[in-house]
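All heavy atoms count here, side chains included; hydrogens, waters and symmetry mates do not. Count residues from 1 along the sequence.
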Amino acid sequence: MAMRELMALADMEEARNRPYLNSGGPLDIFNGKYIPKVGGGYALSGGMGLTMSVIGKASTFKSTLMNGAAINTCARFPESTFVLYDTEYSVSDKNRLAGMSSLHLDDPDKRALHLTDLKRRIKITDPTEDAAESLDAWFDFMKVIRDDKVKNYKDFEVETEVIDLETGKPYRMLIPTFVNIDSWSEAAVRQLNVKNEEFNADTEMKDQRTINMEEGWQKKRLMRQLPKICAQGGIYTYISGHLGKKISMDGKPNSKDLTYMGQDEAAKAMGNNFYFLMSAIIKISNARALVDKNDRRLTDYPSDEHVSGAELQELDLTLIRSKNSPTGFQTQLVSSQRFGIMNGLSYYNSLRNNKYYGLGTPNKVKNPILGDLNLGRTKIFDLSLNYKVERALELTYQLFFIQNNWSFRDQPVDYSIPIEVFAEKLQGSGYAIDDILNSRGWWTYKSAPGIDRSYLTLPDILEIINGNYKPKLIAVSSPRTKESSAKTPVIVV
């Protein structure tokens with residue numbers, strides 16, 4: 001009998017391991033882990049899983065975070081498509097959505113071509129359209145997308161830069177489709193659209209409670225379908241939800257919905273299986289304007305192009321659920337009225353808030369990877385748009401984040417190195433700093449068109465300085481000599 005059971009297991013198809021897709025920003029390490037990549041080294045599986053959610057109170061920039069994450073992931077996977085199901089009728093401008101991409105910020109010509117391509121791949125719909133008139137209708141449409149991709153699987157299948165952990169070969173995936181539902185809390189279900197029309201302000205409270213209970217049941221029914229639809233069709237879904245207060249009916253303290261939520265916090269109108277079916281849930285607990293402490297009319301990170309204190313907001317994030325990494329991590333992001341989430345400024349702001357890790361001192365703000373470049377508060381907004389500056393800040397932030405959040409046990413590389421020693425060893429590694437900073441830390445398809453940067457992650461660089469990894473990088477610098485001054489990167493702003 002035991003042998004027959006083992007034979008049955010041998011014939012059983014196992015569930016696929018699906019790496020998380022990168023957005024190229026702080027959320028990748030926030031919700032990530034390293035896995036093997038093609039050709040040796042490590043890839044960052046982090047950022048966007050199949051089913052993601054962001055929850056928060058009103059005016060905490062949930063839509064900005066969610067749309068920015070999906071748009072930036074879409075931007076890094078050529079021919080992928082982003083679809084926004086806007087249940088709140090708040091977005092209709094593709095230019096604003098495309099402008100959230102962090103690619104080519106320091107190259108106007110490439111930026112223009114990139115935004116033109118990205119706008120072609122962005123779709124926006126709302127409940128005035130038949131395919132989106134209700135959450136049920138939208139799920140029917142998502143199934144059509146899934147069925148089309150499954151039917152034409154070979155046309156959509158691509159090989160990637162990461163290793164399939166089951167086969168040891170390059171991971172193959174469907175070109176992703178990104179779907180944002182903003183918001184799930186306000187999305188109407190078909191049956192309740194009819195019932196709500198039958199009631200008015202005079203509806204008895206017990207009848208209204210019945211409607212609310214049925215809404216929760218219907219959303220639970222749809223939510224249960226979401227992971228399977230996404231997994232089958234290569235559909236990566238982000239949903240936003242409103243965070244409200246839980247009322248104690250008996251006067252006793254409420255129990256927490258999740259460990260890293262407050263006792264009085266609850267996600268509203270999401271369905272009670274919401275907490276269990278998401279790949280990750282991010283809570284925005286607070287948003288505040290980043291203003292100059294001496295003049296609140298001005299922003300804390302000024303630029304020649306803006307003076308308003310309302311330009312930048314600091315968002316407090318907590319990873320309250322994750323199936324890809326430990327939960328409970330916290331970080332801060334910087335959101336701009338013009339650019340959405342700003343990666344470089346977010347790295348800098350977090351490092352500055354944590355005793356200037358990797359930034360020197362408040363009176364002499366310099367990063368050891370960037371040499372003598374002045375990274376003072378009044379200069380960093382414009383400097384952070386430079387690719388090499390952002391990349392240096394990204395590597396510094398990732399090292400800081402790992403050192404302060406990860407367990408070092410069983411890690412394939414040693415992350416305990418001080419940032420100053422890291423920079424010093426990097427300068428003596430035989431690789432030009434410019435070539436290192438010209439690399440990218442996010443993965444995509446193998447031989448993807450338009451990708452002109454080497455793929456190099458933080459553990460790759462640690463292996464380089466330890467002499468264990470010698471990749472061939474795309475060179476942007478002159479050949480190094482012992483007398484060369486190329487140890488300090490050339491920054492053009």
*Given side chains that start at C-beta, do those of Leu345 and Leu312 come closer than 4.5 Å, heavy atoms only?*
yes

Check: residues 23-33 side-chain donor-acceptor pairs under 3.5 Å, at least two apart:
{"unit_1": "Ser23", "atom_1": "OG", "unit_2": "Asp28", "atom_2": "OD1", "d": "3.1"}
{"unit_1": "Asp28", "atom_1": "OD1", "unit_2": "Ser23", "atom_2": "N", "d": "2.9"}
{"unit_1": "Asp28", "atom_1": "OD2", "unit_2": "Ser23", "atom_2": "N", "d": "3.2"}
{"unit_1": "Asp28", "atom_1": "OD2", "unit_2": "Gly24", "atom_2": "N", "d": "2.7"}
{"unit_1": "Asp28", "atom_1": "OD2", "unit_2": "Gly25", "atom_2": "N", "d": "3.4"}
{"unit_1": "Asn31", "atom_1": "OD1", "unit_2": "Ser322", "atom_2": "OG", "d": "2.7"}

*Answer yes or no: is there a side-chain heavy-atom contact under 4.5 Å between Arg288 and Leu290?*
no

*Locate the shortest heavy-atom distance separating Lys149 from Pro176; write the atom from each residue and the value.*
NZ-C, 3.8 Å

_Can you tell me how far apart CG (Asn95) and NZ (Lys119) are? Round to the nearest 0.5 Å._
4.0 Å

*Indicate whether any N or O donor in one side chain lies under 3.5 Å from an N or O acceptor in the other, for Glu161 and Thr444.*
no

*Is the NZ or CZ atom of Arg453 positioned over Tyr387's six-membered ring, under 6.0 angstrom from the centre and within 45° of the axis?*
yes

*When rounded to the nearest 0.5 angstrom, what is the spacing between CD1 in Ile284 and CE in Met66?*
10.0 Å

*Using the ring of Tyr455 (Phe, Tyr or Trp, six-membered ring only), decide whether Lys37 places NZ or CZ under 6.0 Å from its centre and within 45 degrees of its axis.*
yes

*Pick from Glu265, Lys246, Gln263, Arg321: which one makes a side chain to side chain contact (heavy atoms under 4.5 Å, CB included) with Asp257?*
Lys246

*asked:* Measuring only between side-chain heavy atoms, which start at C-beta, is Thr237 closer than 4.5 Å to Asn180?
replied: no

_Any Glu157 side-chain heavy atom under 4.5 Å of Ile175 side chain_ = no

_Ser336 side, atom OG; Gln313 side, atom CD - distance, nearest 0.5 Å_ = 10.0 Å

*With under 30° as parallel and over 60° as perpendicular, where do the rings of Tyr357 and Phe400 fit, or are they tilted in between?*
tilted

*asked:* In the structure I gave you, are the side-chain heavy atoms of Val38 and Glu159 within less than 4.5 Å of one another anywhere?
replied: no

_Residue list, side-chain contact (heavy atoms from CB on, under 4.5 Å) with Asn374, at least two apart or on another chain_ = Lys379

*Relative to each other, are the rings of Phe139 and Trp184 parallel, tilted or perpendicular (30° and 60° limits)?*
perpendicular

*Is there side-chain contact between Asn324 and Met48, with at least one heavy-atom pair below 4.5 Å?*
no

*Gln332 and Asn353: side chain donor to acceptor below 3.5 Å*: yes

*Which of parallel (below 30°), tilted (30 to 60°) and perpendicular (above 60°) describes Tyr347 and Tyr397?*
tilted

_Is there a side-chain contact between Arg377 and Pro302 in this structure, where contact means two heavy atoms from C-beta onward sitting under 4.5 Å apart?_
yes

*Derivation of the ring pair (Phe, Tyr, Trp, His ring centres under 6.0 Å) call for Phe141 and Tyr85*: CA-CA 11 Å; Phe141 186 68; Tyr85 176 29; 9.8 Å; no

*Gap separating the SG atom of Cys74 from the CG atom of Leu118, nearest 0.5 angstrom*: 5.5 Å

*Nearest heavy-atom pair of Leu393 and Leu351: which atoms, and what distance?*
O-CD1, 4.3 Å

_Please report the interatomic distance CG(Leu277) to CD1(Ile281), rounded to the nearest 0.5 Å._
9.5 Å

*Under 3.5 Å, side chain of Thr87 to main-chain N/O of Ser183, donor-acceptor pair present?*
yes

*For the pair Tyr445 and Phe77, name the ring-plane relationship: parallel under 30°, tilted 30 to 60°, perpendicular over 60°.*
perpendicular

_So, taking the atom named CG in Asn349 and the one named CG in Leu333, what distance separates them when rounded to the nearest 0.5 Å?_
9.5 Å

_Residue pairs passing the salt bridge (Lys or Arg N to Asp or Glu O under 4.0 Å) test where at least one lies in residues 176-187, sequence neighbours excluded_ = none

*So, does Asp86 use its side chain to make a donor-acceptor pair with the main chain of Tyr89 at under 3.5 Å?*
yes

